[in-house]
Amino acid sequence: MTNNEYGRHATSMRTHLCGDLRTGDIGTTVSVCGWVARRREHGEHLAFVDLRDHSGIIQCVIDNSVDVRSEYVIRITGVVRARPEGTTNLNVATGEVEVGECIVEVLRSADPPPFAVDERADGVDENVRLQHRYLDLRRQRMQRNLRVRASVNSAVREAMERQGFVEVETPMLVPSTPEGAREFLVPSRKSPGSFYALPQSPQLFKQLLMVGGTDRYYQIARCLRDEDLRADRQYEFMQLDMEMSFVTQDDVLAAVGEAVLSAAEAVLGERPPEIERITWHEAMNRFGVDKPDLRFGMELVDVTDVFSQTEFKAFAGAEAIKAIVVPNAASEYGRNQLDRLTDRAKSIGAKGLVWLKVIDGGFDSPVAKFISESEGTELRAATSASAGDLVLIVADNWMTTCEVLGTLRNDIGRPPVHQGPYRYVWVVEFPLFVGVDQATGRPKPGHHPFTRPHADDVDLIESDPLSVRSIAYDLVLNGWELGSGSIRIHEPELQRRVFAALGISQEEADRKFGFFLRPFDYGAPPHGGFAFGLDRLTAILAGEENIREVIAYPKTQSGADLMTNSPLEVDIAILSELGIRTLPKVD
RNA sequence: GGUCCCGUGGUGAAGUUGGAGUUCACGCCGGCCUGUCAAGCCGGAGGUCGCGGGUUCGAGUCCCGUCGGGACCGCCA
């Protein structure tokens, strides 16, 4: 890098970036380097070459004959000048100027690319983009996404430093633990038959950093989980991982909030308002999910009381009856679509779905005849539904009712990521235990077994474990779970009681978690922490529906890297050095 | 493990009731062209219709299987 009078992007080969040239540069002799985005020839003595680098595009006017074609890498030295009257292009940032009197050097010729290296590639099969990711990355959208990602990382790091957090790196080769996500294993050459695991998160190490007196730790950590991939899930992903000592929930939320809001400000130029909080119970009750999208209404309305005396069998005796109103949807939803909604509801666990089209003076519905006039009136009052609206009702136990309607609410009403305001929300007071393990009959941990129970509920651990709230919290943005955390248990007696509720004996706890819990006996401070996904935050801030768009080299849903063709089989000699023999493929 | 959608020159699409690898746009190659900016005009090349099997006189089209990609469920303490 050459520091000259032209600024920090100048090098020995160039003075300016293509996208930076403006009317203020008129008269300057410049050198620009980049790829040929497009060429427009007008005979032997005039050609326009749009030169592209990551900053943008500049039109260069060539009046000698040079053979430059799409994606050739060239260097142009010329003079910046105003475009002639009537030939400016206001669709381009550099459209008022051009580079003339050009000397063109071809630095590298190029084959025609398999797809247009511009916004037209947005419509190209993702296969093709991923096979030629280096070409895809040349595009403005991808360069912008990489830079959004870098801004997020940088702002987060800066915010953590500002708050006195210490960056500590934790190992990538860690012991395999039976709990949690499936791990990637790494064979040990020195101990054939033994394996390391790649970390699904630095969880245990960061808590031991607290035992180690670090006080405030953070890391932009790579995490690896061998679970099925989704639009918001890759095998490898990045988290802002943090942990702090001598804190309560408020301290953690404040520190994490500062990092997230700083990142948002760095990308969007405006700091979002303070993050609101709702309890897990309220989130389920109002939105039917533990990661509510607050950008739109259609909240669940409890209508259990409306039907307390009902004779309609599908509703009678249900623990919870709830409704959502789809505004003005009565005419849009035909029988076919309503059947599909019903199928969707059933696939989530509902026994059925009741739909009512609100019409003047009543309902249009296959079950209208089972709803009494007073129930109808009360239903309309409770839901505020008016003629033309579609009302969807589920009756079941509370949890199922909420979950089914919450899923339908998202399916029907959720706007695309790039639309609407950014609505951050803390979901707090998650239940300590979720559901019951079929095999053991014991409750299952909601977060992880070291999560601290809510102080008011500690005495319910033995008598009514499923109603115990925890000091665990999620951060949610527009319906995406960004991350989660908790205040941990640091005292042995409380930990013993939680293990007992989970059906884990002292011996089993020692065996499974001894290496982690024994250190606590040497003095563990009260502590808690959080981790949130940087890929997800970046995707939302970049307006992308899919985290692959903000990852330079992502993998497909089946875990393949189409550019490098990995994973690949390896030579048998390499396997044998590692003490590994593969099984034949079975059908 | 499951459900659904997609696969046609380099790219994106169309392809009807099963009737000739047919069509369109972009790109590519050649020619013309001195103010374009998705330049324009003329000409040309380019195909294992993902792959395999079946039905049929005949399959891009129908059926079965398989591979690849995607969305979702399960899974992700």
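Naming convention: chains lettered A, B, ... in sequence-line order (proteins, then strands); numbering from 1 in each chain.
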Carboxylate-amine/guanidinium proximity below 4.0 Å for Glu462(A) and Arg497(A): yes
Using whole Å, report how far CZ of Phe532(A) lies from P of C76(B). 24 Å
Pick base, sugar-phosphate or nothing for Ser70(A), based on heavy-atom distances below 4.0 Å to the nucleic acid. sugar-phosphate
Hey, does Ala116(A) reach any base, or is it just sugar-phosphate, or nothing, if we go heavy atoms under 4.0 Å? nothing
What I want to check is whether an N or O donor and acceptor connect the side chain of Arg233(A) with the base of C76(B) at under 3.5 Å. yes
Please report the distance, rounded to the nearest Å, between CZ in Arg39(A) and P in C29(B). 7 Å
Are His527(A) and Phe520(A) close enough that their ring centers fall under 6.0 Å? yes
Indicate, with a heavy-atom threshold strictly under 4.0 Å, whether Ala121(A) touches base, sugar-phosphate, or nothing. nothing
Rounded to whole angstrom units, what separation is found between the CG atom of Asp226(A) and the P atom of C76(B)? 12 Å
Quiz question: going by heavy-atom distance under 3.5 Å, is there a donor-acceptor pair between the base of G7(B) and the side chain of Asp125(A)? no
His42(A)-A39(B) aromatic stacking (under 5.5 Å, under 30°): yes
Check whether the side chains of Ser176(A) and Glu183(A) place a donor and an acceptor atom closer than 3.5 Å, and report yes or no. yes
Any base atoms under 4.0 Å from Pro84(A), or only sugar-phosphate, or nothing? Heavy atoms, all strands. base
Is a donor-acceptor pair below 3.5 Å formed from side chain Glu41(A) to base G31(B), judging by atom type as modelled? no
What does Arg548(A) touch in the nucleic acid at a heavy-atom separation under 4.0 angstrom: a base, only the sugar-phosphate, or nothing? sugar-phosphate
Within the 4.0 Å heavy-atom criterion, would you say Ala47(A) contacts the bases, only the backbone, or no part of the nucleic acid? nothing
Would you call Asp50(A) and Arg40(A) a salt bridge, taking side-chain N to carboxylate O under 4.0 Å as the test? yes
Grab the CD-C1' distance between Gln131(A) and C67(B) for me, whole Å please. 14 Å
Going by ring centres under 5.5 Å and near-parallel planes (under 30°), is Phe48(A) stacked on U36(B)? yes
Any strand counts, and the cut-off is 3.5 Å on both contacts for Watson-Crick or G-U wobble. Which nucleotide pairs with G74(B)? none
Go through the N and O atoms of the side chain of Gln59(A) and the base of U36(B), and report whether any donor-acceptor pair is under 3.5 Å. yes
Classify Arg69(A) by what it touches in the nucleic acid, base, sugar-phosphate, or nothing, heavy-atom distance under 4.0 Å. sugar-phosphate
Expressed as a whole number of angstroms, how long is the span from Leu562(A):CG to C67(B):P? 16 Å
Thr170(A) and Gln219(A): side chain donor to acceptor below 3.5 Å: yes
Grab the CG-P distance between Asn127(A) and G12(B) for me, whole Å please. 10 Å
For nucleotides A14(B) and U3(B), find the distance between their P atoms and express it as a whole number of Å. 27 Å
Selected nucleotide, minimal atom distance to Arg225(A) side chain, candidates A77(B), G70(B), C26(B): A77(B)
Please evaluate residues Leu482(A) and Ile540(A) with respect to the criterion side-chain contact (heavy atoms from CB on, under 4.5 Å), reporting the C-alpha separation (whole Å), side-chain torsions for both, the decisive distance (0.1 Å), and the verdict. CA-CA 10 Å; Leu482(A) 285 186; Ile540(A) 298 171; 4.3 Å; yes
Could you state the CG-P distance from Leu229(A) to G74(B), rounded to the nearest angstrom? 16 Å
Options C37(B), A77(B), C75(B), nucleotide nearest the side-chain atoms of Gln200(A): A77(B)
What's the closest nucleotide to the Glu227(A) side chain, out of C76(B), G74(B), G35(B)? C76(B)
So Thr88(A), base contact, sugar-phosphate only, or nothing? Heavy-atom distance under 4.0 Å. base
When the distance from CG of Asn565(A) to P of G68(B) is rounded to whole Å, what number comes out? 12 Å
Taking the basic N atoms (NZ, or NE/NH1/NH2) and the acidic carboxylate oxygens, is any pair closer than 4.0 Å for Arg69(A) and Asp67(A)? yes
Determine the contact category for Thr556(A): base if any of its heavy atoms lies under 4.0 Å from a base atom, sugar-phosphate if only primed atoms, P, OP1 or OP2 are that close, otherwise nothing. sugar-phosphate
What nucleic acid atoms does Arg52(A) come within less than 4.0 Å of, heavy atoms only: base, sugar-phosphate, or nothing? nothing
Nucleotide of C28(B), C73(B), A77(B) approaching Pro112(A) most closely (side-chain heavy atoms): C28(B)
Heavy atoms under 4.0 Å, any strand shown: does Glu481(A) hit a base, just sugar-phosphate, or nothing? nothing
Testing G69(B), G35(B), U34(B) for proximity to the side chain of Glu98(A), the answer is G35(B)
Write down the partner of C28(B) under the Watson-Crick or G-U wobble criteria, each distance required to be under 3.5 Å. G44(B)
Once hydrogens and angles are ignored, does a donor-acceptor distance under 3.5 Å link the base of C4(B) to the side chain of Arg344(A)? no
Is it true that Asp118(A) and Arg52(A) make a salt bridge, defined as a side-chain N closer than 4.0 Å to a carboxylate O? no
